[in-house]
Q: 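One structure, pasted below without further comment.
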Amino acid sequence: QVQLVESGGGLVQAGGSLRLSCVVSGRTFNKFAMGWFRQAPGKEREFVVGIDNSGGSIYADSVKGRFTISRDNAKNTVYLQMNSLKPEDTAVYYCATPAGLWVGVPPEDNDYKYWGQGTQVTVSS
């Protein structure tokens, strides 16, 4: 009964910005870690960033300094602010959450139980 719905993807020019949102229902949102992953066509799914229930975060090296994760517990929403976008960022972006409570950020795909449907981000060159 846990559901995640991403939004905010689209087509942008290189150097532009997007903000992705993920709304979570079916659980007490403020107790759980959240993560963002992405998958380009023909590529492996990649960890982008995660945030724990205290606001601590871990970023993939490829997005450090450009992407920022945040959460608004009152709105049951996690955000991914993406700046200085590159064509290499083109992918379907997914939000996810683990089944139970964690200390810190779970960085592996198999640590996450529930996944959203994904939102497409396309960066033109």
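Just so you know, these numbers use all the heavy atoms, side chains as well, and skip hydrogens, waters and symmetry mates.
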Q: Can you tell me if Thr77 and Asp72 form a side-chain donor-acceptor pair at under 3.5 Å?
A: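 No, no side-chain donor-acceptor contact under 3.5 Å.
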Q: Test side-chain contact (heavy atoms from CB on, under 4.5 Å) on Ile58 and Val49; report intermediate values, then the result.
A: CA-CA 6 Å; Ile58 296 176; Val49 62; 6.0 Å; no
Q: What are the two closest heavy atoms between Leu101 and Lys31, and how far apart are they?
A: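 Answer, listing the atom of Leu101 first, then Lys31: CD2-O, 3.0 Å.
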Q: Taking disulfide (SG to SG under 2.5 Å) as the cut-off, I'd like each qualifying pair that reaches into residues 34-76, sequence neighbours left out, listed once.
A: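 Counting only pairs at least two positions apart or across chains, no disulfide (SG to SG under 2.5 Å) contact touches residues 34-76.
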Q: Given the rule that I, L, V, M, F, W and Y join up when any side-chain heavy atoms are under 4.5 Å apart, are Val5 and Val121 in one cluster?
A: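 Different clusters.
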Q: Might you work through the side-chain contact (heavy atoms from CB on, under 4.5 Å) test for Phe29 and Thr97, ending with a clear yes or no?
A: CA-CA 10 Å; Phe29 176 79; Thr97 190; over 6 Å; no
Q: Can you tell me how the ring of Phe47 sits relative to the ring of Phe37, calling it parallel under 30°, perpendicular over 60° and tilted otherwise?
A: perpendicular
Q: Quick check: closest heavy atoms across Pro106 and Asp111, and the distance to 0.1 Å?
A: CB-CB, 3.6 Å
Q: From Ser84 OG over to Arg66 CZ, what is the distance, rounded to the nearest 0.5 angstrom?
A: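 These two atoms lie 7.0 Å from each other.
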Q: Give me the atom names and distance for the closest heavy-atom approach of Leu80 to Tyr93.
A: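 Smallest interatomic distance, heavy atoms only, reads CD2-CD2, 4.1 Å.
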Q: Would you give the length of the straight line joining atom CG of Leu85 to atom OG of Ser17, rounded to the nearest 0.5 angstrom?
A: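 So the gap between those two atoms works out to 6.0 Å.
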Q: Same cluster or not: Val48 versus Tyr94, using hydrophobic residues (I, L, V, M, F, W, Y) connected whenever any side-chain heavy atoms lie under 4.5 Å apart?
A: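 No, Val48 and Tyr94 fall in different hydrophobic clusters.
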Q: Work out which heavy atom in Trp115 is nearest to a heavy atom in Tyr112; give both atom names and the distance.
A: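 That would be NE1-O, 3.5 Å.
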Q: For Thr90 and Arg38, does a side-chain donor sit closer than 3.5 Å to a side-chain acceptor?
A: no
Q: Among pairs that include at least one residue of residues 12-117, which meet disulfide (SG to SG under 2.5 Å), considering only residues two or more places apart or in two chains?
A: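 Every disulfide (SG to SG under 2.5 Å) pair that includes a residue of residues 12-117, provided the two are not neighbours, is Cys22-Cys95.
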Q: Measuring from atom CE of Met82 to atom CG of Leu20, what distance do you get when rounded to the nearest 0.5 angstrom?
A: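 Between atom CE of Met82 and atom CG of Leu20 there are 4.0 Å.
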Q: What is the minimum heavy-atom distance between Ala33 and Arg71, and which atoms define it?
A: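 Residues Ala33 and Arg71, closest heavy atoms: CA-NH1, 4.1 Å.
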Q: Salt bridge between Asp89 and Lys86, side-chain N to carboxylate O under 4.0 Å?
A: no
Q: If you take all heavy atoms of Ile69 and Met34, which pair is closest and at what distance?
A: CD1-O, 4.4 Å
Q: Any sub-3.5 Å donor-acceptor pair from Glu6's side-chain atoms to Gly118's backbone N or O?
A: yes
Q: Say whether Val63 and Val92 are linked into one hydrophobic cluster, either directly or through other cluster members, by side-chain heavy-atom distances under 4.5 angstrom.
A: no
Q: How many angstroms lie between CD in Glu46 and CG in Asp109, if you round to the nearest 0.5 Å?
A: 10.0 Å
Q: Distance from Ile51 atom CD1 to Tyr79 atom OH, nearest 0.5 Å?
A: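 Reported to 0.5 Å precision, the distance equals 12.0 Å.
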Q: Decide whether a cation-pi geometry holds between Arg27 and Phe32; the criteria are a distance under 6.0 Å from NZ or CZ to the six-membered ring centre and an angle within 45° of the ring axis.
A: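 The answer is yes; both the distance and angle limits are met.
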